[in-house]
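Notes follow once the structure below has been shown.
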Amino acid sequence: MTTHWTRALLVTLATTVAATAIVSAHMAYSKSLPEKDATISESPSEVQVWFTQDPEPAISQLSLEGPAGEIALGDTEVGAEKSIVAAVPTALGPGSYTVKWRSAGDDGHVQRGEFGFTLRTAD
Ligand SMILES: [Cu+2]
């Protein structure tokens with residue numbers, strides 16, 4: 001009898017802890033296009049980053065740096081499936097690029113991150 005009680009209590013506790021951990025987790029990077037550390041052969045028409053939560057539009061921002069410095073992107077917009085997206089209005093030349101992102105999810109905590117990709121155009 002006592003054992004059953006203890007077991008039921010432990011299961012309840014474990015479930016509560018797990019649920020709390022999920023609710024309180026920060027938003028995180030999920031995937032992107034171009035992909036992180038990818039080598040691509042064509043200049044991308046846009047940069048898109050997916051997250052684990054719905055991005056807050058007012059805080060979301062994408063920027064792109066290349067061999068010659070900052071590249072002007074179109075406005076950062078909220079895209080489908082928990083993503084943010086910005087157009088790349090000009091064709092990029094070969095080189096290494098860094099995408100920087102800023103956003104926030106359910107708890108409003110601002111998260112930042114960056115990842116790189118390489119553009120290697122055919123000669
Ligand atoms: Cu948070």
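First listed ligand is number 1; within each ligand, the first listed atom is number 1. Positions are given from 1, in the same order as the sequence printed here.
For the Cu ion (ligand 1), the set of nearby N, O or S atoms under 2.8 Å includes one belonging to Asp107.
Atom ND1 is the N, O or S atom of His26 at the shortest distance from the Cu ion (ligand 1). Closest to the Cu ion (ligand 1) among the N, O or S atoms of His109 is ND1.
Ser43 places a side-chain N or O within 3.5 Å of a backbone atom of Leu92 that can act as its donor or acceptor partner. Remark: side-chain polar atoms of Gln53 are paired, donor with acceptor, to backbone N or O of Ala25 under 3.5 angstrom.
In summary, the side chains of Glu114 and Thr98 do not present any donor paired with an acceptor at a separation below 3.5 Å, with no hydrogens or angles considered.
In terms of heavy-atom proximity, Gly66 sits nearest to Tyr97 at CA-CD2, 3.4 Å.
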